Amino acid sequence: MIHTAKGVNNRESGHPHTYRCIFPSRGQWSWVVARLCAALIYLPLTLRHRRRSLLLSRWGRSQQVFPEMVGLSVGEKYFIQGGIAQDLRSDGRKRLTPRPMFVETGVISQSNGSSRFRIGATEVIASVKAELGRPSALHPDKGKIFINVDCSPTAAPIFEGRGGEELSAELSVALQRCLLGGKSGSGAGIDLSSLAIVDGKICWDLYIEGLVVSSDGNLLDALGAAIKAALSNTGIPRVNVAAGVEGDDQPEVDISDEEFLQFDTTKVPVIVTLTKVGRHYIVDATSEEESQMSSAVSISVNRQGNICGLTKRGGAGLDPSVILDMISVAQSVSERLINTLDSKIAAAEAGEDVL
């Protein structure tokens with residue numbers, strides 16, 4: 001039973017007010033106390049759960065390779081998944097057919113080599129800068145390569161602020177694994193020994209910068225192709241080393257301003273990402289298709305068919321037999337992709353129409 005009490009009129013102000021105070025009865029006090037205790041117990045747990053869900057959503061978004069935020073209706077999702085299942089994607093391609101590519105080289109005059117690469121609405125720029133450095137103690141007969149990627153905030157809303165920084169770091173690490181075989185450089189697709197000048201003393205350090213201008217899926221493959229085109233456009237100055245230097249003394253070098261050596265890209269791999277949607281996997285996925293993926297495997301393959309690196313994204317696990325099948329498919333797709341990319345690069349270097 002609820003007890004109420006009325007207040008008195010406020011005679012001083014001349015305005016009557018009535019106050020109603022509600023008090024729980026003795027039998028209801030236990031219920032009120034129980035509710036308060038439950039709130040005090042479950043409130044921290046609820047806040048902890050919400051924080052954990054937020055962290056997991058951020059981690060899941062960043063691990064879903066780099067797709068931008070795509071809002072699709074239920075019907076659009078079924079349309080994309082059904083088309084992939086029937087080997088007829090929403091843009092008319094088959095599951096293993098990439099989009100047409102556009103290549104332009106020499107776009108940045110201040111660098112030693114540069115390129116612009118576009119597939120569909122995804123556009124990236126890569127540049128290469130060569131500087132003299134000292135080989136590492138672990139690999140005294142090899143040069144060094146550093147890869148860094150920057151995502152333009154105008155490319156996609158997710159690239160603004162911290163989201164762009166996280167994605168840039170993930171793309172840089174993925175390129176390092178696919179093109180250089182990890183931090184150690186073992187199994188590198190790029191020949192680092194060609195950058196050595198004097199073993200243990202002087203080598204070339206290549207600083208590769210990638211910029212994401214616009215994003216419509218498949219960023220990793222696009223950046224890998226842009227880097228290959230930029231390396232094909234890279235000219236490294238000829239270095240003459242003075243003779244007669246002994247011990248740990250640093251030899252004197254003369255860097256030519258007229259003679260340049262073309263960087264050898266015959267063994268530089270391309271990256272093929274196989275995105276798993278439902279029971280099937282596709283190549284060169286758009287951002288809408290990436291939003292429906294369960295996992296993706298990126299495999300770098302060179303012209304000789306050798307696997308130079310591999311990285312996986314997404315939370316869903318894959319059976320080893322499925323991964324082996326993906327590697328086989330990537331080797332088949334990479335052969336056509338390398339031929340097309342090399343012809344586009346050669347046409348761009350010759351100044352021909354590259355569309």
Side-chain angles (χ1 to χ4, degrees), residues 98-133 143-152 154-155 168 171-172 175-176 178-180 188-192 194-195 197 203-216 218-239 255-271 284 300 302-303 337-355:
R99 290 171 287 184
M101 65 179 66
F102 166 86
V103 180
E104 183 182 2
T105 57
V107 296
I108 302 177
S109 58
Q110 295 85 354
S111 63
N112 293 85
S114 59
S115 72
R116 183 195 305 270
F117 182 84
R118 185 172 70 238
I119 45 173
T122 295
E123 182 176 347
V124 297
I125 295 175
S127 66
V128 181
K129 188 68 176 177
E131 296 182 2
L132 288 179
K144 301 188 295 293
I145 291 181
F146 305 91
I147 301 177
N148 181 64
V149 177
D150 186 25
C151 297
S152 173
T154 60
S168 298
L171 286 169
S172 301
L175 288 169
Q176 189 87 13
C178 289
L179 299 180
L180 302 178
I190 300 176
D191 185 13
L192 300 179
S194 62
L195 300 175
I197 300 175
C203 70
W204 282 110
D205 291 343
L206 297 186
Y207 295 88
I208 300 177
E209 299 285 339
L211 174 65
V212 178
V213 180
S214 61
S215 172
D216 186 25
N218 205 26
L219 286 177
L220 187 61
D221 295 17
L223 285 166
I227 290 174
K228 182 178 174 69
L231 289 173
S232 299
N233 182 247
T234 297
I236 299 179
R238 183 182 293 276
V239 178
I255 303 176
S256 175
D257 295 332
E258 300 178 354
E259 296 184 55
F260 293 88
L261 302 176
Q262 200 70 21
F263 190 84
D264 184 15
T265 59
T266 54
K267 294 184 179 180
V268 176
V270 295
I271 302 175
D284 190 13
S300 58
N302 61 15
R303 180 172 286 278
L337 184 60
I338 289 175
N339 292 333
T340 303
L341 180 60
D342 286 349
S343 64
K344 294 285 185 180
I345 293 174
E349 291 288 279
E352 300 175 3
D353 186 10
V354 292
L355 291 176

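Here the structure is a predicted model, which means the values were calculated and not measured. Worth knowing before you read on, the calculation uses all heavy atoms, side chains too, and leaves out hydrogens, waters and symmetry mates.
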From V124, T105, I345, residue fulfilling side chain to side chain contact (heavy atoms under 4.5 Å, CB included) relative to F117
V124

So OG1 of T122 and CG of L223: to nearest 0.5 Å the spacing works out to 9.5 Å

Where the side chain of S152 meets the backbone of V213, is there a donor-acceptor pair that is under 3.5 Å apart?
no

Considering all heavy atoms, the nearest I145-Q176 contact
O-NE2, 4.3 Å

For S115 and N233, run side-chain contact (heavy atoms from CB on, under 4.5 Å): C-alpha distance rounded to whole Å, both residues' side-chain angles, the deciding distance at 0.1 Å, then the answer.
CA-CA 8 Å; S115 72; N233 182 247; 5.9 Å; no

How about F146 and S172: do any of their side-chain heavy atoms sit closer than 4.5 Å?
no

To the nearest 0.5 Å, atom CG of L231 lies from atom CG of N112 at 10.5 Å

Nearest non-hydrogen partners of T265 and S232, listed with the distance:
OG1-OG, 3.2 Å

So K267 and D191, side-chain contact (heavy atoms from CB on, under 4.5 Å) or not? Walk me through it.
CA-CA 8 Å; K267 294 184 179 180; D191 185 13; 5.8 Å; no

Under the side-chain contact (heavy atoms from CB on, under 4.5 Å) criterion, do I197 and L132 qualify, and how do the steps go?
CA-CA 9 Å; I197 300 175; L132 288 179; 3.5 Å; yes

Minimum side-chain heavy-atom gap L195-I236 below 4.5 Å:
yes

Search all heavy atoms of L337 against all heavy atoms of I271 and return the closest pair with its distance.
CD2-O, 4.2 Å

Hey, could you give me the OG/NZ distance between S300 and K228, rounded to the nearest 0.5 Å?
11.5 Å

Rounded distance (nearest 0.5 Å) linking atom CD of E104 with atom CZ of R118
9.0 Å

Please enumerate all residues that pass salt bridge (Lys or Arg N to Asp or Glu O under 4.0 Å) together with D284, with sequence neighbours excluded.
R93, R99

If every non-hydrogen atom of F263 is compared with every non-hydrogen atom of S194, which pair is closest and at what distance?
CE1-OG, 4.3 Å

Can you name the residues that form a salt bridge (Lys or Arg N to Asp or Glu O under 4.0 Å) with D264, not counting sequence neighbours?
none

Closest approach of Y207 to E131 (non-hydrogen atoms, all atoms of both residues):
CE1-OE1, 3.8 Å

Yes or no on side-chain contact (heavy atoms from CB on, under 4.5 Å) for S168 and D150, after CA distance, side-chain angles and deciding distance?
CA-CA 5 Å; S168 298; D150 186 25; 4.2 Å; yes

Please round to the nearest 0.5 Å and tell me the distance separating atom CG of L171 and atom CG of L219.
6.0 Å

Note: Q110 and K129 closest approach over all heavy atoms is O-NZ, 3.1 Å

If I take atom CD from residue E209 and atom OG from residue S114, how far apart are they, to the nearest 0.5 angstrom?
12.5 Å

Are any of the side-chain heavy atoms of D257 and P237 separated by less than 4.5 Å?
no

Decide yes or no for R303 and N339: does some side-chain heavy atom of the first lie under 4.5 Å from some side-chain heavy atom of the second?
yes

